[in-house]
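Note that ligands are numbered from 1 as they come in the structure, with each ligand's atoms numbered from 1 the same way.
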Amino acid sequence: MLSKVIETALNEQITIEFESSQVYLAMASWAEVQGFEGVASFMYAHSDEERQHMLKLLKYVNERGGHAKVSKLNAPPVSFGSFKEMFQNLFDHEVMVSGKINNLVDITLKEKDYATHNFLQWYVSEQIEEEALARNILDKLKLIGGDKGGLYQFDNNIKMLTVETTDNL
Ligand code: OFO
C-alpha cells in the first residue's frame, strides 16, 4: 500500500511525463511542417515513449492500492526557433525531469518505501540514456551550424536512429 505522500508524489510525476509527451508532440508537429521528416518521426516516437513512461507510473500507482489521477496539462510551445534551440530545449527538459526523479527517489527513502524505490530505478537509468542521447544530438547540431546540406543529412541520420531506438523498445 502506498502512503499518501508517495501517492501524491507519483501522481505529480505522472503529469510531468504526460507533459513531456505533449512537448515532444509539439516539437514533432513543428519539425514536420518545416519539412524535416526524420526529426519529426524521432519526436513522434519520443512522444510515444513519454506516454509509456506515464502509463507505467499510472499502472504502478493503481496496482499498489493508490489512485492514479489524469490531470489537466500545460500547453507546450507552438514553435521552437531552430533545431539547435529545439534540441537544447529537449536536453534542458530532460535535465529537469531527472531532477524530479531524483527528488522522488529521495522521498521514497524518507518514507522507507523500498518497493517504490526499486520501481523508480528504471526511471533513473532511463534518464541517464535520455540525457546522453540529447547531448549527443546537440553536439552534432553544433558541428553542423547553419549548413543546409548538413541539416539535410542530419534529418536522414536521425530517421535511422529512430528506427533503431524503436526497435530496442
Ligand atoms: Fe520520461 O523520460 Fe524523458 O522526460
Report, one line per pair, each donor and acceptor closer than 3.5 Å where one atom sits in a side chain of residues 137-147; sequence neighbours left out.
unit_1: Lys140; atom_1: NZ; unit_2: Asn136; atom_2: OD1; d: 2.7
unit_1: Asp147; atom_1: OD2; unit_2: Gly150; atom_2: N; d: 2.8

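- Around atom 3 (Fe) of ligand 1, the protein contributes the following N, O or S atoms at distances under 2.8 Å: Glu50 OE2, Glu94 OE1, Glu94 OE2, Glu130 OE1.
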- [ ] Show your working on ring-ring contact (aromatic ring centres under 6.0 Å, His included) between Phe36 and Phe83 and close with a plain yes or no.
- [x] CA-CA 10 Å; Phe36 286 91; Phe83 282 132; 4.6 Å; yes
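- Looking at residues two or more places apart in sequence or on another chain, you find no salt bridge (Lys or Arg N to Asp or Glu O under 4.0 Å) involving Glu111.
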Sequence neighbours excluded and cut-off under 3.5 Å, please list the side-chain donor-acceptor pairs for residues 69-77, or say none.
unit_1: Lys69; atom_1: NZ; unit_2: His67; atom_2: O; d: 3.4
unit_1: Ser71; atom_1: OG; unit_2: Thr15; atom_2: OG1; d: 3.0
unit_1: Asn74; atom_1: ND2; unit_2: Glu19; atom_2: OE2; d: 3.3

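- Using cut-offs of 30° and 60° for the angle between ring planes, the Tyr24 and His46 rings count as parallel.
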| field | Stepwise side chain to side chain donor-acceptor pair (under 3.5 Å) test for Gln88 and Asp92 | value | CA-CA 6 Å; Gln88 182 66 50; Asp92 295 342; 3.1 Å; yes
